[in-house]
Amino acid sequence: MGKPVREYLLTLCITAAVTYLLTGPVRKFAIVAGAMPEIRARDVHREPTPRLGGIAMFFGLCAGLLVADHLPNLNWVFDKSNEPRALLSGAALIWLIGVLDDKFEIDALIKLGGQMIAAGVMVMQGLTILWLPVPGVGTVALTQWQGTLLTVALVVITINAVNFVDGLDGLAAGMVCIAAAAFFMYAYRVWYSYGIEAAAPATLFAAVLMGMCLGFLPHNMHPARIFMGDSGSMLIGLVLAAGAISVTGQVDPDLMNLFTGSERSSVHQMVPVYIPLLMPLTIIAVPAADLVLAIVRRTWRGQSPFAADRGHLHHRLLEIGHSHSRAVLIMYFWSALIGFGALAYSVNSASMWIVLGVVFLSAVGLVLLLLPRFTPRVPVWAQRFVPPRYRRRRGTAEPAATAEAEVEEAVETEERAPVTAGVSGVNGATAVGPRSRFPDRR
């Protein structure tokens with residue numbers, strides 16, 4: 001059986017194309033349907049922006065799976081495994097809940113129950129964790145109840161982690177796309193290098209997920225014309241969790257024949273087996289950290305863990321002086337560093353160069369965090385090729401720093417005027433949680 005790299009690429013492109021082409025009509029439908037909540041105190045955007053972008057992403061998912069089912073080197077995945085159908089069933093349920101929330105603002109506990117039901121639907125159709133590779137013990141088979149509880153927990157945590165990070169234009173879609181790319185490379189390596197066909201569904205899920213995010217990003221980059229809403233953030237979170245569950249609980253580590261040689265060499269060779277346990281955590285490391293910090297922060301103040309505020313990581317990046325685009329790129333950087341760093345370590349865990357490279361890039365990321373006001377100026381001959389914020393002002397010797405400071409001061413002192421929903425041509429960024437108003441943190 002040939003390795004269908006080109007067919008995975010075709011599936012990705014079809015998914016991205018369908019998502020991209022449908023997002024425009026979905027935006028018009030969201031405006032007509034009134035799925036444009038008013039501006040809240042914790043929101044970053046300034047004008048009401050239509051939601052329901054998850055509708056286009058869901059149909060992109062359906063198109064990708066449909067195309068893969070008719071490709072000669074991928075249709076066997078649907079014949080030998082029920083996991084694609086399980087994913088589609090759970091995705092349809094969580095997407096429907098998200099659509100209703102984007103329009104009618106469902107209670108947080110109801111959404112949590114819907115997430116657990118969607119995970120249970122996937123478990124009933126076979127997408128569940130069957131065994132776990134435990135360091136120092138080996139492969140441990142799980143009972144039905146243990147596998148079900150672990151699967152539901154992983155799905156709920158991943159969905160809410162992605163939902164929590166969906167607070168800036170293009171942030172959630174870009175971070176999940178980066179994570180899906182790293183996961184695709186890992187799952188395909190497990191299939192190609194070790195000949196384990198059980199990793200093929202997870203590889204397909206990662207390719208489709210990349211297509212969904214890439215197709216939606218052009219509409220969602222700053223300034224965004226549409227938000228994915230809960231219908232999109234919960235959907236891509238569920239697809240990401242489904243891939244992690246598939247490659248973790250369905251691939252038998254004994255098939256990799258890694259228990260050979262000395263004990264020390266076996267430990268290094270077993271790294272690819274332990275990576276499925278760590279890869280879901282590395283993929284959502286930044287969103288999960290934001291989730292944990294939000295829960296601790298809210299409970300410490302005596303608030304509900306589901307209460308909304310302006311204390312998320314992306315909010316803090318904006319508060320210390322980073323621009324909207326720079327804050328998103330910094331979050332992209334850390335997601336790529338964690339995801340691809342874990343992937344590189346799984347390929348060659350004995351290489352010290354990988355560890356040194358990760359440490360060096362981490363230092364670079366910290367420097368970027370400490371330079372929020374750094375605005376490099378380019379030479380005169382290159383100014384026409386860069387954005388206006390990097391150009392020198394004509395007729396003055398100062399590099400426009402004073403003008404930018406005045407604009408920022410005016411924005412800070414400007415009172416936030418209420419904006420009525422239903423305005424066309426709007427843009428901004430989404431926020432997560434119940435849609436009640438909170439005092440602005442200044």
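We find the CG-CD distance between L88 and Q125 to be 9.0 Å, quoted to the nearest 0.5 Å. Taking CG from L204 and CG from L65, the interatomic distance works out to 6.0 Å, rounded to the nearest 0.5 Å. Taking OG of S335 as the start and CE of M175 as the end, the distance is 3.0 Å to the nearest 0.5 Å. Distance OG1/T158 to CD1/I245: 7.0 Å, rounded to 0.5 Å. Here NZ of K28 is found 15.5 Å from CG of L52. Values are rounded to the nearest 0.5 Å. Expressed to the nearest 0.5 Å, how far CE of M234 lies from CD1 of I159 amounts to 7.0 Å.
A distance-only check finds no donor-acceptor pair linking the side chain of W95 to the backbone of G232 [under 3.5 Å]. Using a distance-only test at 3.5 Å, with no hydrogens or angles considered, no donor-acceptor pair links the side chain of D102 to the main chain of G229. Looking only at distances, a side-chain donor or acceptor of N220 sits under 3.5 Å from a matching main-chain atom of G170. Of the possible donor and acceptor atoms, one in the side chain of R85 sits under 3.5 Å from a partner among the backbone N and O of F78. Listed for the T203 side chain is a donor-acceptor partner under 3.5 Å among the backbone atoms of A199. For N163 (side chain) and S233 (main-chain N/O), no donor-acceptor pair under 3.5 Å exists by modelled atom type. Between the S246 side chain and the P201 main chain, no donor and acceptor come within less than 3.5 Å of each other. Between the side chain of K103 and the backbone N or O of A33 there is at least one donor-acceptor pair closer than 3.5 Å.
Looking only at side-chain heavy atoms (C-beta outward), I226 and R51 stay at 4.5 Å or farther from each other. Two residues are said to be in side-chain contact when any heavy atoms from C-beta on lie closer than 4.5 Å; V155 and Q115 fail this criterion. Side-chain contact between I55 and F29 is present, with at least one heavy-atom pair separated by less than 4.5 Å. In this structure the side chain of L66 never reaches within 4.5 angstrom of the side chain of C62, judged on heavy atoms. Residues F340 and I178 have side chains in contact (heavy-atom distance under 4.5 Å, counting atoms from C-beta outward). Side-chain contact between S231 and D101 is absent, with no heavy atoms from C-beta onward closer than 4.5 Å. In this structure the side chain of L130 never reaches within 4.5 angstrom of the side chain of L142, judged on heavy atoms. Between P72 and E7, the closest side-chain pair of non-hydrogen atoms falls below 4.5 Å.
Between G147 and T128, the shortest heavy-atom contact is O-OG1, 3.6 Å. Nearest heavy atom pair, residue H222 against residue S325, reads CD2-OG, 4.1 Å. A pairwise comparison of heavy atoms in I354 and A344 identifies CD1-O, 3.3 Å as the closest pair. Nearest heavy atoms, A200 versus W76: CB-CH2, 3.6 Å. Residues G211 and T15 approach most closely at C-CG2, 3.8 Å, considering heavy atoms. Closest non-hydrogen pair, L217 versus A173, comes out as CD2-CB, 3.7 Å.
Heavy atoms of other residues, nucleotides or ligands lying less than 6.0 angstrom from OH of Y332 number more than 12. The local environment of CZ in F59 is sparse, with at most 12 non-hydrogen atoms from other residues, nucleotides or ligands closer than 6.0 Å. Counting non-hydrogen atoms of neighbouring residues, nucleotides and ligands closer than 6.0 angstrom, the CE atom of M221 exceeds 12 such neighbours.
Aromatic pair F184/F205: centroids not less than 6.0 angstrom apart.
Of the residues D69, N73, N75, V67, the one that meets the side-chain contact (heavy atoms from CB on, under 4.5 Å) test with L71 is V67.
Every side chain to side chain contact (heavy atoms under 4.5 Å, CB included) that A118 has, sequence neighbours left out, goes to L93, I94, L238.
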Would I236 and F216 count as a side chain to side chain contact (heavy atoms under 4.5 Å, CB included) here? Give the steps. CA-CA 11 Å; I236 61 177; F216 185 73; over 6 Å; no
Applying side chain to side chain contact (heavy atoms under 4.5 Å, CB included) to V239 and L87, what does each step give before you reach the verdict? CA-CA 7 Å; V239 178; L87 169 65; 4.1 Å; yes
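Relative orientation of the H219 and Y20 rings is tilted, given thresholds of 30° and 60° on the angle between their planes. Ring pair W191/Y188 is perpendicular by interplanar angle, where above 60° counts as perpendicular and below 30° as parallel.
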